[in-house]
Amino acid sequence: MAAPLSTMKFWKPGAEAPGITEERELNTETTGSPIIFNPHTALSIEKQRQKLPVFKHRNNILYLVESFQTVIIVGETGCGKTTQLPQYLLEAGWATEGKVIGVTQPRRVAAISVANRVAEERGALVGHEVGYTIRFDDCSDPQATRIKFLTDGMLVREMMADPLLKKYSVLMLDEAHERTLYTDIAIGLLKKIQKKRRDLRVIVASATLDAKKFHDFFNLNESGDPNKDTCGILTVEGRTFPVDVFYTVSPVPDYVKATVETVLKIHETEEDGDVLAFLTGQEEVEKVVSLLQDQARSLSRIGMKKHLRILPMYSGLPYADQMKVFERTPPTVRKVVVATNIAETSITINGVVFVIDCAFVKLRAYNPSTAIESLVVTPISKASASQRAGRAGRNRPGKCFRLYTEEDFEKLPASTVPEMQRTNLAPVILQLKALGIDNVLRFSFLSPPPAQTMVQALELLLRSRSKHLQAKVSLHMMQNFNQLCVLAGLDHYGRLTDPMGVRMAEFPLSPMFAKMLLESGTFGCSKEIVTIAAMMQIQNTFVLPANQKKAAAREHRKFAVAEGDHLTMLNVTRRAPSGVQEHFLNYKGLLRAVTVREQLRRLMNKFKVPRTSSEGDPDVILKCIVLGFFSNAARIHHSGSYRTLRDDRELHIHPSSVLYGEKPPKWSGGFSMKCCRRQKYYMRDVTAVESSWFGRVGPHFYKQAKHGSLASKRSRVL
DNA sequence: GAGCACTGC
């Protein structure tokens with residue numbers, strides 16, 4: 001029998017206009033060749049372009065770009081800003097004399113699909129007048145391309161070769177409200193460039209919420225006279241349908257159960273239309289999917305006319321399963337997509353009319369006092385809630401069911417903490433230094449990272465090395481700074497070392513990886529290390545399908561080696577080519593690892609790292625890994641768990657490691673630390689090592705011990 | 001003893 005239909009009660013306050021800020025019509029299969037239009041159909045394209053809401057602001061936009069160095073465009077979903085604005089600028093002559101109009105996107109697929117669409121509108125193939133540049137795929141022509149779409153990370157890379165971005169006349173940062181790490185870096189750098197290049201125009205496309213923050217940041221007018229502002233704002237209305245928002249009457253004790261009940265309630269009482277439910281992670285998604293599938297079976301047994309088709313969606317899902325959510329269902333079937341946050345920005349599913357929002361999201365957090373990254377289930381922001389709601393109004397008016405009270409909604413923060421404020425800054429600092437920002441403390445951050453992190457350590461160490469000031473710096477800051485010094489990316493004055501630091505910054509990887517790669521040639525194992533580094537960039541080498549866990553685990557054991565995960569990865573690449581499917585390997589990931597490896601090899605050649613092989617000797621490889629990852633070392637504790645060398649923190653081997661469940665090695669290293677649920681700390685990518693290797697590799701690092709509790713540890717290490 | 005939101009260079 002079906003469970004009694006929902007006891008959930010919702011109420012609907014005054015209708016809310018969803019503040020939607022994105023307009024990508026994401027075609028997930030963008031690799032097909034674009035259609036070329038003949039002049040006859042071009043007329044209708046012109047008409048379509050004129051119908052977009054942004055069109056009637058055309059002259060105003062061009063006037064603003066002419067008059068202000070920076071223009072903030074608040075453009076709601078479907079207004080056409082991403083595709084039209086660059087074309088208006090092109091038509092108005094902003095791309096003459098070899099200049100380029102650049103438009104950044106936070107995601108690769110978006111850059112490709114938008115470039116394709118704009119090329120289509122202009123009746124040409126992408127890669128000529130309109131092009132794109134993303135990592136591993138440059139589809140632009142240095143001579144011919146006038147409008148270039150690129151990822152924000154790519155723009156930052158380009159600044160290394162061309163610090164003033166001389167080839168660009170205008171740069172538009174799209175989706176700036178998402179505040180990704182690279183968007184924020186680009187924003188800070190562009191402000192700096194604008195002071196030297198008065199002719200460079202910057203357009204920031206953002207949500208309403210942030211417009212003023214961007215305006216105040218970019219406005220260089222200090223006179224108080226608004227007539228002298230250097231930054232203007234323009235709002236363009238969107239083209240979406242209204243979404244009715246409902247809240248629960250009382251707080252929900254268990255949002256997983258509540259999601260299931262709400263789906264059933266919608267199915268029972270609402271008209272046609274697909275459902276999209278947001279949850280925080282894979283486990284929750286699978287749980288809801290399985291509960292709903294049970295219910296759906298019962299419902300069809302009792303003769304419910306309309307069927308439910310329940311589909312999970314998260315990034316770790318195999319590609320073929322992900323594609324299922326885009327398939328159309330017959331009118332007698334209601335599609336229910338149970339997704340993680342991937343459905344909030346990265347993908348758009350057509351046909352969604354009902355959204356269920358649990359109010360939570362899993363976010364990365366960085367704890368500077370432990371140097372450990374963790375994933376924390378956090379309440380979403382209001383901006384995020386409205387983005388989720390907006391997913392219901394893409395095709396026709398929709399409804400959003402929030403599994404929380406209106407009172408709780410009011411307590412949510414206005415926007416999500418920018419990535420810049422919750423990430424490890426070592427790579428950011430290295431990049432900024434490489435871009436000639438000597439004093440990273442003076443860098444104009446749109447949202448400055450917490451002062452208590454490495455930045456403060458840098459300042460204190462740069463200005464004075466007196467004991468008095470050092471006492472104020474906590475141990476971890478010294479360690480972070482020291483880590484970069486030992487890696488030799490920075491000297492003790494905080495300057496980028498040449499060549500080591502300069503080269504490290506050029507690698508699209510964190511400093512530890514770069515160090516390991518650059519030294520691997522002299523260690524005699526660069527061929528192996530480059531493969532291992534590439535493999536470490538993919539999230540999961542192995543896949544564990546929910547219904548075949550045991551069979552998969554059995555297959556995975558076949559690749560395992562006693563030394564640990566790093567050499568197991570090497571083993572996978574050597575033996576995997578046949579039978580990726582049967583061995584339950586991450587096919588997409590392995591393909592990606594191959595491209596990453598190619599890029600790394602090119603950089604290694606550029607820096608003349610000798611191509612050497614350990615010829616089957618594992619120790620050389622492991623020592624080389626320790627060289628980069630010396631700061632991540634642990635030894636076994638009599639309790640059976642591990643303790644970190646740097647601060648005696650309790651650690652466990654992550655269940656995904658091949659060393660999990662085996663006789664634990666005395667020492668482990670090379671791992672990355674993750675804090676997962678219940679405040680337990682885990683090591684991922686673990687390798688068994690010898691204690692004697694650390695002292696030789698990172699003596700300065702562990703010497704720092706004398707400032708704090710590490711002293712006793714160190715004597716045991718060396 | 002038991003688990004990994006999502007991007008990007």
Side-chain angles (χ1 to χ4, degrees), chain A residues 104-111 133-138 150-160 175 178-186 278-286 313-317 339-347 358 360-365 373-378 380 384 416 419 422-423 427-428 430-431 434-435 504-510 513-514 537-544 546 549 553 586 589 592 595-596 599-600 603 639-642 650-657 659-662 664 672 674-678 680-685:
Chain A
T104 71
Q105 294 291 325
R107 280 167 292 277
R108 297 158 51 93
V109 266
T133 304
I134 60 177
R135 186 184 180 188
F136 304 130
D137 190 5
D138 183 4
L150 67 171
T151 47
D152 43 23
M154 213 51 223
L155 181 70
V156 174
R157 284 280 148 182
E158 285 193 1
M159 291 187 204
M160 286 194 181
E175 315 285 356
E178 286 189 24
R179 305 293 307 278
T180 66
L181 190 61
Y182 281 108
T183 307
D184 270 23
I185 296 174
F278 286 98
L279 289 154
T280 70
Q282 178 178 341
E283 200 182 322
E284 283 172 13
V285 167
E286 293 293 358
M313 181 72 199
Y314 47 85
S315 132
L317 202 65
T340 61
N341 225 34
I342 192 170
E344 193 181 304
T345 50
S346 303
I347 59 155
C358 73
F360 289 94
V361 65
K362 224 180 252 186
L363 280 184
R364 182 170 58 196
E373 254 181 18
S374 55
L375 285 171
V376 188
V377 175
T378 325
I380 58 169
S384 201
T416 312
E419 203 181 350
R422 46 186 176 86
T423 190
V428 177
L430 206 60
Q431 291 238 316
L435 288 161
M504 278 168 58
E506 212 165 310
F507 273 93
L509 305 167
S510 64
F513 284 102
Q537 307 311 308
I538 61 179
Q539 297 91 332
N540 294 309
T541 312
F542 302 114
V543 289
L544 270 180
K549 274 193 180 164
N586 175 0
R592 185 168 170 78
T595 5
V596 171
Q599 189 192 23
L600 298 180
L603 278 165
S639 65
S641 60
Y642 284 81
E650 187 175 345
L651 281 171
H652 302 267
I653 293 180
H654 194 278
S656 66
S657 169
L659 294 180
Y660 182 81
E662 297 298 311
S672 61
K674 283 271 154 71
C675 165
C676 301
R677 58 181 61 181
R678 287 185 284 279
K680 267 178 102 171
Y681 292 98
Y682 290 94
M683 302 178 271
R684 302 195 62 190
D685 299 342

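Here is the naming used below: chain letters follow the sequence lines, and residue numbers restart at 1 for every chain. Keep in mind the model is a prediction, meaning the values are calculated, not measured.
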Could you check whether Y314(A) gets within reach of a base, just the sugar-phosphate, or nothing at all, counting any heavy atom under 4.0 Å?
sugar-phosphate

Using a cut-off of 4.0 Å on non-hydrogen atoms, how would the nucleic acid contact of G640(A) be classed: base, sugar-phosphate, or nothing?
nothing

Could you check how far CZ of R179(A) sits from C1' of dA5(B), rounded to whole Å?
19 Å

From dA2(B), dC9(B), dC6(B), nucleotide with atom closest to I342(A) side chain:
dC6(B)

Integer-rounded Å distance: dG8(B) C1' and Q537(A) CD:
11 Å

What pairs with D184(A) under salt bridge (charged side-chain N to carboxylate O under 4.0 Å, His left out), at least two apart in sequence or on another chain?
R179(A)

Would you mind telling me which of dG3(B), dC9(B), dC6(B) lies closest to the side-chain atoms of R135(A)?
dC9(B)

Ignoring backbone atoms, establish whether S641(A) has a side-chain N or O less than 4.0 Å from OP1 or OP2 of dG1(B).
no

N/O (side chain, R364(A)) to phosphate O (OP1/OP2, dT7(B)) under 4.0 Å:
no

Candidates dA2(B), dA5(B), dC9(B) - which lies nearest the side chain of R157(A):
dC9(B)

When you measure from the side chain of K362(A), which nucleotide among dG3(B), dA5(B), dT7(B) comes out closest?
dA5(B)

Could R107(A) and E175(A) be called an ion pair, given the rule that one side-chain N must be under 4.0 Å from one carboxylate O?
no

Rounded distance in Å - CD1 (I185(A)) to P (dG8(B))
15 Å

Judged by nearest nucleotide, the residue sitting upstream toward the 5' end of DNA chain B, R684(A) or P508(A), is R684(A)

Exam field: side chain N586(A) to backbone N540(A), donor-acceptor pair closer than 3.5 Å:
yes

So, OP1 or OP2 of dG1(B): does either fall under 4.0 Å of a side-chain N or O from Y660(A)?
no

Using a heavy-atom cut-off of under 4.0 Å over every strand shown, decide if D152(A) touches base, sugar-phosphate, or nothing.
nothing

Within the 4.0 Å heavy-atom criterion, would you say I134(A) contacts the bases, only the backbone, or no part of the nucleic acid?
sugar-phosphate

Measure from CG on L375(A) to P on dG3(B) and round the result to the nearest Å.
13 Å

Among dA5(B), dG1(B), dG8(B), which nucleotide sits nearest the side chain of K680(A)?
dG1(B)

Check the distance between dC9(B)'s C1' and M160(A)'s CE and give it to me in whole angstrom.
9 Å

Under 4.0 angstrom, heavy atoms only, what part of the nucleic acid is T180(A) near: base, sugar-phosphate, or nothing?
nothing

Candidates dC6(B), dC9(B), dG3(B) - which lies nearest the side chain of S315(A):
dC6(B)

side-chain contact (heavy atoms from CB on, under 4.5 Å) against A343(A), all qualifying residues, sequence neighbours excluded
L276(A), F278(A), A339(A), I347(A)

Report yes if the side chains of Y182(A) and P106(A) come closer than 4.5 Å at any heavy-atom pair, otherwise no.
no

When you measure from the side chain of Q539(A), which nucleotide among dG3(B), dT7(B), dC6(B) comes out closest?
dT7(B)

M154(A), nearest nucleotide to its side chain (from dC9(B), dG3(B), dG1(B)):
dC9(B)

Send over the distance from L435(A) CG to dC9(B) C1', rounded to a whole Å.
12 Å

Check whether any side-chain heavy atom of L150(A) sits under 4.5 Å from a side-chain heavy atom of E158(A), and report yes or no.
yes

Rounded to whole Å, CZ of F278(A) lies from P of dC6(B) at a distance of 12 Å

Comparing G281(A) with R108(A), nearest DNA chain B nucleotide closer to 5' gives the residue G281(A)

Spacing between E419(A) atom CD and dC6(B) atom C1', to the nearest angstrom
9 Å

